[in-house]
S.K.: 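One structure, as structure tokens, below. Some questions next.
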Protein chains: 2
Amino acid sequence: MPSAADLAAFRAFADALADAARAAILPHFRADVAITAKDGPRGGFDPVTAADHAAEQSIRRLIEERYPDHGIIGEEFGEKPARSPYRWVLDPIDGTRAFIAGLPLWGVLIGLTFENRPILGVIDQPYIGERFLGWTTAGARGATLTTAAGAAPLKTRACETLTNAIIATTDAKLFDGAEAGGFEQVRQTAKLARYGCDCYAYAMVALGGIDLVIESGLAPWDVAALVPVIEGAGGEVTDWRGRALTPDFFAQPNARAQIVAAGDPRPRDEALVALRRAAK
Amino acid sequence: MPSAADLAAFRAFADALADAARAAILPHFRADVAITAKDGPRGGFDPVTAADHAAEQSIRRLIEERYPDHGIIGEEFGEKPARSPYRWVLDPIDGTRAFIAGLPLWGVLIGLTFENRPILGVIDQPYIGERFLGWTTAGARGATLTTAAGAAPLKTRACETLTNAIIATTDAKLFDGAEAGGFEQVRQTAKLARYGCDCYAYAMVALGGIDLVIESGLAPWDVAALVPVIEGAGGEVTDWRGRALTPDFFAQPNARAQIVAAGDPRPRDEALVALRRAAK
């Protein structure tokens, strides 16, 4: 496992990576950019922007300079094999549909895994100027939100029951039939539901604004950065059976997962009663 | 009609009102605030926060000092009759569900009507620090986005067909049966849909990020501030038959409207084919 000094160095380096991504992306946000649709596992509309490519390239360049032995896997440019237990897992713009609509709820996702377990994650919102950073190793766990006003610790909130829970999903239309039925049952019990937030919904779990995020079809680069932020803030990320995500999942670019991120396990356990029936 | 000098004075005053609302609201955002559910025309979850009340009270106080003859109508504190053709139309926090989830897509809505026609509107997002301001009178029309980086003109974008359009609605579950059918038909034709943005979606129409916003059950204070921002940026706001909103609508606190805000009339006219069948 990484030492405390290693972890501190990785945290500072992740900050530098997020700074580089901000510089690459912000000139393109709300500007006219070439957008091409690509086919993806979601089957729907999943645009790639010039910003997406520029950010991933600049992050990859910095990693290759500083940690040439580390592996890299990113949504846009595939896999660079590791010669060490460390691998960086990148989604330069999670929430491209929000991005092209001008909505500032997309984020830069930068995760670091050790032996395919997430130990460090950044969810960065460059336009608003918010950086959610979390870490979770055997010896240390925590999460912070840094803005122009400074850094503050993140803490999920207590939520006793699903009827009091605020839930979120990116797009209820992305679920298949059984999944949609399970989600709809949870939604009808929950206090209210929010849509279309992508990674930002997970940041709100860490902040204590949202209680549950329920999604399916997520790739390793959609998830790796989220886990340390949620867990560092006191929450949990599981699949739709309530199981922790395995190193196997993070090892395979083609893996897809059904995810529940919870600030408090109690409403999550209620939701799992409905979700488990649609678990894959 | 107001003179150019009147309009300039109202614009500066609307800025001051939005500043006061920011100061009243920001201490409550992402803090623990007392939230009570209230019954509303939407029948669903519609929380009122301490911030909502504090902001409307501080706006009302400033209006009563500066323009004691002007009328005021607000979501939280009802109607103050006018002794002049001017009336301020207020929704201190539009998007309370986003607000309580910690999501920064709520906004302060400040509208000014002259003989019940909207002539000036502000959509303010205090946390991000964005102020969308628009005006539309017989002699002048325009809209700006002001941030810490300065002010820039707002312009809707051209969009030839519905298949290329990005559409938005706050919550597809708020539609009744016929409305839901009409919206679903539009959604299936459109390029992509975004949800849960409340007034922020209208700001994105003015900015050229979103092409159509389609909603129903909106009250005068949900709409009055939006119209000058959209029209000032080159767009149009109509009902589901394509008709302009009438002074009657803005005159009556209990009125509710089905709304389509469009950056370009062409995809709107396509959408109206489906929406008109569910028009009230």
Side-chain angles (χ1 to χ4, degrees), chain A residues 26 29-32 35 37 44-47 95-105 125 127-130 145 147-149 152 154 157 164-173 184 187-188 190-198 200-201 203-213 263, chain B residues 26 29-32 35 37 44-47 95-105 125 127-130 145 147-149 152 154 157 164-173 184 187-188 190-198 200-201 203-213 263:
Chain A
L26 272 180
F29 182 55
R30 295 185 179 177
D32 287 311
I35 292 167
F45 188 88
D46 191 11
T96 44
R97 285 164 293 195
F99 188 98
I100 66 165
L103 297 165
L105 294 191
Q125 209 319 300
Y127 180 74
I128 301 177
E130 294 180 313
L145 167 59
T147 66
L154 289 167
R157 74 171 166 202
N164 287 326
I166 299 178
I167 70 168
T169 196
T170 293
D171 189 344
K173 306 273 180 198
E184 180 62 14
R187 187 194 69 78
Q188 287 178 3
K191 186 163 80 171
L192 67 88
R194 300 275 85 198
Y195 302 97
C197 303
D198 298 284
Y200 204 84
M204 292 302 97
V205 172
L207 184 92
I210 288 177
D211 301 294
L212 288 180
V213 185
Chain B
L26 272 180
F29 182 54
R30 296 185 178 176
D32 286 312
I35 291 166
F45 188 88
D46 191 10
T96 44
R97 287 165 291 196
F99 188 97
I100 65 164
L103 296 165
L105 295 191
Q125 209 318 300
Y127 179 73
I128 301 179
E130 293 180 311
L145 166 58
T147 66
L154 288 167
R157 73 171 165 201
N164 287 327
I166 299 178
I167 70 170
T169 196
T170 293
D171 188 343
K173 306 274 181 196
E184 180 62 13
R187 187 194 68 78
Q188 288 179 3
K191 186 163 81 173
L192 66 89
R194 300 276 84 197
Y195 303 97
C197 303
D198 298 285
Y200 204 84
M204 292 302 98
V205 172
L207 184 92
I210 288 176
D211 301 295
L212 289 180
V213 185

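We name chains A, B, ... by the order of the sequence lines, and we start the count at 1 in each one.
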S.K.: Tell me, out of B/Gly208, B/Ala98, B/Ala168, who's got the most heavy-atom pairs with chain A below 4.5 Å.
M.R.: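 Between B/Gly208, B/Ala98, B/Ala168, the count favours B/Ala98.
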
S.K.: So which part of B/Leu145 gets closer than 4.5 Å to some heavy atom of chain A, the side chain, the backbone, both or neither?
M.R.: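 For B/Leu145, the side chain is the part near chain A, not the backbone.
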
S.K.: By a 4.5 Å heavy-atom criterion (distance strictly below it), what part of A/Asp211 contacts chain B: side chain, backbone, both, or neither?
M.R.: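 No part of it gets close to chain B.
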
S.K.: From B/Phe99 CZ over to B/Leu105 CG, what is the distance, rounded to the nearest 0.5 angstrom?
M.R.: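 Reported value, rounded in 0.5 Å steps: 13.0 Å.
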
S.K.: Select one option (side chain, backbone, both, neither) describing which atoms of A/Leu207 are under 4.5 Å from chain B's heavy atoms.
M.R.: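 For A/Leu207, the side chain is the part near chain B, not the backbone.
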
S.K.: Tell me, for B/Ile166 versus chain A, whether the close heavy atoms (under 4.5 Å) come from the side chain, the backbone, both or neither.
M.R.: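 Just its side chain gets close to chain A.
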
S.K.: Using non-hydrogen atoms only, which part of B/Leu103 is less than 4.5 Å away from chain A: side chain, backbone, both, or neither?
M.R.: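 B/Leu103 touches chain A through backbone and side-chain heavy atoms alike.
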
S.K.: Less than 4.5 Å apart, side chain to side chain, heavy atoms only: is that true for B/Pro104 and A/Ile128?
M.R.: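 The answer is yes, as the side chains (C-beta and beyond) meet within the 4.5 Å cut-off.
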
S.K.: Check whether NZ of the Lys or CZ of the Arg B/Arg194 lies under 6.0 Å from the centre of the six-membered ring of A/Tyr195 and within 45 degrees of that ring's axis.
M.R.: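 No, cation not above the ring by the 6.0 Å, 45° rule.
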
S.K.: Does any N or O in the side chain of A/Asp198 come within less than 3.5 Å of the main-chain N or O of A/Tyr200, such that one atom is a donor and the other an acceptor?
M.R.: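 Absent.
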
S.K.: I'd like to check the side chain to side chain donor-acceptor pair (under 3.5 Å) partners of B/Gln188; sequence neighbours left out, ordered by chain and number.
M.R.: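 Testing B/Gln188 for side chain to side chain donor-acceptor pair (under 3.5 Å), a comparison that skips the adjacent residues, returns B/Glu184.
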
S.K.: What residue in B/Ala201, B/Ala101, B/Gly209, B/Gly102 has the most heavy-atom pairs under 4.5 Å with chain A?
M.R.: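 Max contact count across the listed options: B/Ala101.
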
S.K.: Could you list the residues that satisfy side chain to side chain donor-acceptor pair (under 3.5 Å) with B/Gln125, not counting sequence neighbours?
M.R.: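 B/Gln125 satisfies side chain to side chain donor-acceptor pair (under 3.5 Å) with no residue once adjacent residues are dropped.
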
